[in-house]
Amino acid sequence: MTNWTFSSEEASSLQQELATHVERTTQLNQVRYIAGVDVHIHNEVGRAAIVVLDFATLKPIDVGTALRPVTFAYKPGLLAFREGPIIFDAFERLEIRPDLLIFDGHGIAHPRRLGIASHLGVMLNLPTIGCARAPSLGHHGNLSKSKGSYTLIFDESEVIGAAVRSHDNGKPLYVSIGHRVDLTDSIKYVLACCRDYRLPETTRWADKIERRVEKPKFK
DNA sequence: GCGACAG
DNA sequence: ATCTTGTCGC
């Protein structure tokens, strides 16, 4: 399951098949635990982290990490095949199962409507949101500079996501449905997690944190 | 043929 | 993803 050895053509057709299983309506009861997912790759060695937060307080309560070489080269539209396997490794190390996961990448805002958030959402059978820092497909109008504003992204006549201002005067985030969440809720949960978001401060703190693959203790 | 299409 | 500098808001 985590040994993905596909050609680009096979990967692409698998996406078309999996895309038929994506559900674009919200099926969330209560979100008690929400998780952020990201992968860092250096010299073809990947490090993945899934941080589970208590949604009420946004305090971290669990983390799953993984370290392994990546094999699939990056190709636009096929990010899930590069980062997916190591994300599964990290997910298996979680002790607390999140109700909702936010990915660093697109959901249905994707050529075959199956970005990494949708792909992993279907495979994990969990609600997911795509939250990318750069747009992929589609076009959108202007959005105001104030935090919380957003504008829909269209591909032809289809709404595939929204450009969302997560903080005043900052670069927008590109939010899209991953799986089992509608766009309105996707935007809502992303903004809720950006409650005190400030990129420069986040970066400064991140620089001070020693990279580690051991599981921190929260108790 | 050219451009676009996360990380 | 990466790299660098300047600018602005709080």
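Values below: all heavy atoms of this structure, side chains included; hydrogens, waters and symmetry mates excluded. Model, not experiment: these values are computed from the prediction. Labels below follow one simple rule: chain letters A, B, ... track the order of the sequence lines, proteins then strands, and each chain is numbered from 1.
In the displayed structure, A:E156 atom CD is contacted under 6.0 Å by at most 12 heavy atoms of other residues, nucleotides or ligands. Around atom NZ of A:K75, more than 12 heavy atoms belonging to other residues, nucleotides or ligands sit under 6.0 Å away. Summarising the local packing, OH of A:Y150 is surrounded by 12 or fewer heavy atoms from other residues, nucleotides or ligands at distances under 6.0 Å.
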Could you walk me through whether A:R82 and A:E44 pass the salt bridge (charged side-chain N to carboxylate O under 4.0 Å, His left out) check? CA-CA 10 Å; A:R82 179 164 170 82; A:E44 297 305 296; 3.3 Å; yes
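Whole-Å rounding puts the A:L137 CG to B:dG7 P distance at 13 Å. Put simply, CG on A:D38 is 9 Å from P on B:dG7, counting in whole angstrom units. Going from atom CG of A:D104 over to atom C1' of C:dA1 covers 10 Å, rounded to whole Å. The CZ atom of A:F81 sits 20 Å away from the P atom of B:dC5 (whole-angstrom rounding). Summarising the geometry, the separation between CZ on A:R113 and C1' on B:dA6 is reported as 14 Å, rounded to the nearest angstrom. The nearest whole Å value for the distance from the CD1 atom in A:I160 to the P atom in B:dC5 is 10 Å. We find that CD1 of A:I41 is positioned 9 Å from C1' of C:dA1, with the value rounded to whole Å. In this structure, A:I102 atom CD1 and B:dA6 atom C1' are separated by 16 Å, rounded to whole Å.
Between A:E158 and A:R24 a salt bridge is recorded (basic side-chain N to carboxylate O distance below 4.0 Å).
For A:H110, counting side-chain heavy atoms from C-beta on, the closest listed nucleotide (B:dC5, B:dA6, B:dG7) is B:dA6.
Distances shown here put every side-chain N or O of A:R82 at or beyond 4.0 Å from the OP1 or OP2 atom of B:dA6. Using a 4.0 Å cut-off, some side-chain N or O of A:Y74 falls inside it from OP1 or OP2 of B:dA6.
Within 3.5 Å, no donor on the side chain of A:H40 pairs with an acceptor on the base of C:dA1, nor the reverse.
As judged by a 4.0 angstrom heavy-atom cut-off over every strand, A:I116 is placed among the base-contacting residues. Residue A:H42 is out of contact with every strand shown, counting any heavy-atom pair closer than 4.0 Å.
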